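Below is one structure; the comments refer to it alone.
None of the values given here were measured: they were computed from a predicted structure.
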Number of protein chains: 2
Amino acid sequence: MKINETTHTSIWYDKDQNKIFYIDQTLLPWELKIRELGSLDDTVRAVRNMEVRGAPLIGVTAAFGMWLAAVGGHNIEDAARMLLATRPTAVNLQWAVNKMLEDFHSRGLSADSRVSEKHKIKIKTLNAALEIRDLEISCSKSIGENGLHLIENLAKKKNGKPVNILTHCNAGWLACVEWGTATAPIYMAHDKGIPVHVWVDETRPRNQGAKLTAFELGAHGVPYTLIPDNTGGHLMQEGMVDMVIVGCDRVAANGDVANKIGTYLKALAAKDNNIPFYVAMPYSSYDPDTPTGKDIPIEERDPDEVRIVDGERLTGNGEQGTVNGDRLTGNGERGSLIGVAIVPEGTPVANYGFDITPARLVSGYITEKGLRRDAS
Amino acid sequence: MKINETTHTSIWYDKDQNKIFYIDQTLLPWELKIRELGSLDDTVRAVRNMEVRGAPLIGVTAAFGMWLAAVGGHNIEDAARMLLATRPTAVNLQWAVNKMLEDFHSRGLSADSRVSEKHKIKIKTLNAALEIRDLEISCSKSIGENGLHLIENLAKKKNGKPVNILTHCNAGWLACVEWGTATAPIYMAHDKGIPVHVWVDETRPRNQGAKLTAFELGAHGVPYTLIPDNTGGHLMQEGMVDMVIVGCDRVAANGDVANKIGTYLKALAAKDNNIPFYVAMPYSSYDPDTPTGKDIPIEERDPDEVRIVDGERLTGNGEQGTVNGDRLTGNGERGSLIGVAIVPEGTPVANYGFDITPARLVSGYITEKGLRRDAS
């Protein structure tokens, strides 16, 4: 999608340089920093530090990581284990790593044969990784097309007023490669001239809504309003939300949805106010081997993610003066980005990354194969 | 309650100095700053800036503000209007200001007679304000006693494991004068040796949970864990919450509860998981003149409360080094408390202060007159 009228994707292969590049999402919205994904170690670090995040993008990044592992002469089974250990909840990671291993195995390559077959692996493995990337893009596009008519139907009842859509966390193009999942129908509606307005949950503790969703919607020109995570229920009670669309990190066989912590609360509020609650789900996030939400492991993360908030330091008079569009060129000054602790050191904190929204609260799954009432 | 083994209240009259003092709650947990409430203007500013906040404390502070207005020769009707305009949602403010006006009127004092009757007003009005303060303390104490048995009953089923109580925002002694409302039963249970553990919602955007509830529970020695507002639903699904107790800013005649934004979402989750959801309600927060929650005005506040987060600056190596118990003496260094903007300037933000929890989601109202199924 667009940033300052230029089209971007979150990760890509540069053929001329024979290198992988990605947007470092920990610096947005302040700086558009592009980094090279140069090795397996780079990949593990980038996924763990959430420089790349979002279930589909984690999968694509891990696929490139498997290519880099093979090129770098790593034992591919070890590489797979290292990558799978980075984030436990999103199933796309497993899906992409397993697809890469299948590709290796289908060509009779074992962990030991990788060095002698180096050139061959280098080319073919890259193709497999690029196919995974292409698949995510086409999935997102289909999800957009399949969700678009839901927005169009709502727009018909709004008499030209914007369709108000609430989303949680970032299931945008930054979480994928292009279009996003939850945002794909929104971008398509906007590009088609249907008036939409998005309520963006800030999504504590890491504020991916405030930092990423608000940024990408704004950069593309989609009207939005940032809200604290506490606000959505009130807006729904007041008739200010027409639909909810969220992404997912894993959907169990019975349709239970693991997504960013707090999603369940919004699903309850949507149900209580008869507002449709949709999950945008590429089938790479569907896991038939996990029977129910109870079987999905919930990642616990560093308490400092709750305790420390980062942002731009205000100048002496309390004004914000240094951030503007120029910062997105990557040439911006960095000194004003700092962290503050909102509570004293040693404050006991719990930091669960995800929660489970029971299938009974989901109005439908917007997938690349169409809108489904059941996930399977 | 206790801070470093010393007992404090949130606002008090110092007889020797004939002055009112209060704890500036915008500096907690970093500094225990005690300020003088010296005039009507001081009062308006302190309430509006939320140096004092919490429905019962706002009422008590406004009562002292009315005394200060009379002493200062202000037109008391104008003073009442100024105070009522500071915060629209909490009904305690109206209740306390009206009680003070009644006291003035009952003694035949009009706005014009205040100067000539100065000495008399000065004494009698202070008594009326002190009575309001005493009433809030005794209300809190009774609420504590009336809620204690709920915790005791749960403790019997826990075989010595702590009773896990979730609370939202700060309805602690800092929001009142002593004991608090939601926290009163918790302090009493803890002081009685019943093992309790509190899940403290950080309560964006102003983080009163992180800054005030975590601070006051910790300072008194009550075990707690700070969580993002998104987390409570997951904890309830996992059986990690035995009960919810929240405060209230206003309860309508039908039992609908206005409380800090996000309360409604926790009430929905409690209902969905069969967890009792209690509202601690002094009758000063009950408003029989407001038929339902829909009739309660919801305050919209400055978007910068969402956009800017304040806390302690980290040192160069990312560590927090300067905050410790000494900061609470009021002698601590102040230079390291700063604000950061979590989003660029101009980001569209909505900031509603409260939401309405429908009466159907409330298991009971813990009041100074006993536990009630209905608010009236």
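- When all heavy atoms are compared, the tightest approach of B:P228 to A:V306 is CG-CG2, 3.7 Å.
- Between B:C169 and B:R53, the shortest heavy-atom contact is SG-NH2, 4.4 Å.
- Using modelled atom types, no side-chain atom of B:K33 and backbone atom of B:T26 make a donor-acceptor pair closer than 3.5 Å.
- Scanning all heavy atoms of the two residues, the minimum distance from A:T292 to A:A252 falls at C-CB, 3.4 Å.
- In terms of non-hydrogen atom pairs under 4.5 Å with chain B, the most contact-rich of A:L226, A:L268, A:D355 is A:L226.
- Among the residues in residues 296-305 of chain B, those with a non-hydrogen atom closer than 4.5 angstrom to a non-hydrogen atom of chain A are B:I298.
- A distance-only check finds no donor-acceptor pair linking the side chain of A:R307 to the backbone of A:A341 [under 3.5 Å].
- Across all non-hydrogen atoms, the minimal contact from A:E216 to A:G172 is OE2-CA, 3.2 Å.
- A search for salt bridge (charged side-chain N to carboxylate O under 4.0 Å, His left out) contacts involving A:D249 returns nothing, not counting sequence neighbours.
- Nearest heavy atoms, B:V222 versus B:I186: CG1-CG2, 4.0 Å.
- Checked by atom type and distance alone, the side chain of B:H220 pairs as donor or acceptor with a backbone atom of B:K2 at under 3.5 Å.
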Intermediate values then yes/no, side chain to side chain contact (heavy atoms under 4.5 Å, CB included), A:E51 and A:L27 | CA-CA 8 Å; A:E51 293 180 15; A:L27 299 174; over 6 Å; no
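- Listed by sequence position, A:I261, A:G262 are the residues of residues 254-263 of chain A in contact with chain B, using a 4.5 angstrom heavy-atom cutoff.
- With a 4.5 Å cut-off on non-hydrogen atoms, A:Y264 touches chain B through its side chain but not through its backbone.
- Using a 4.5 Å heavy-atom cut-off against chain B, the contacting residues of residues 202-214 of chain A are A:E202, A:T203, A:R204, A:P205, A:N207, A:A210, A:K211.
- Ranked by heavy-atom pairs shorter than 4.5 Å toward chain B, the options A:T231, A:I227, A:D272, A:L235 are led by A:D272.
- To the nearest 0.5 Å, the span separating CD1 on A:I23 from CD1 on A:I3 amounts to 5.0 Å.
- With A:L166 as the fixed residue, the side-chain contact (heavy atoms from CB on, under 4.5 Å) test singles out one of A:V244, A:D242, A:V198: A:V244.
- In this structure, no portion of A:K271 lies under 4.5 Å from any heavy atom of chain B.
- Of all heavy-atom pairs spanning A:D310 and B:V340, the tightest one is C-CG2, 4.3 Å.
- For the atom pair CG of B:N273 and NE2 of B:H234, the computed distance is 11.0 Å after rounding to the nearest 0.5 Å.
- Under the 3.5 Å distance criterion, the side-chain polar atoms of A:R87 are left unmatched by any main-chain donor or acceptor of A:M50.
- Of the listed residues (A:V200, A:T225, A:D201), the one with the most heavy-atom contacts under 4.5 Å to chain B is A:T225.
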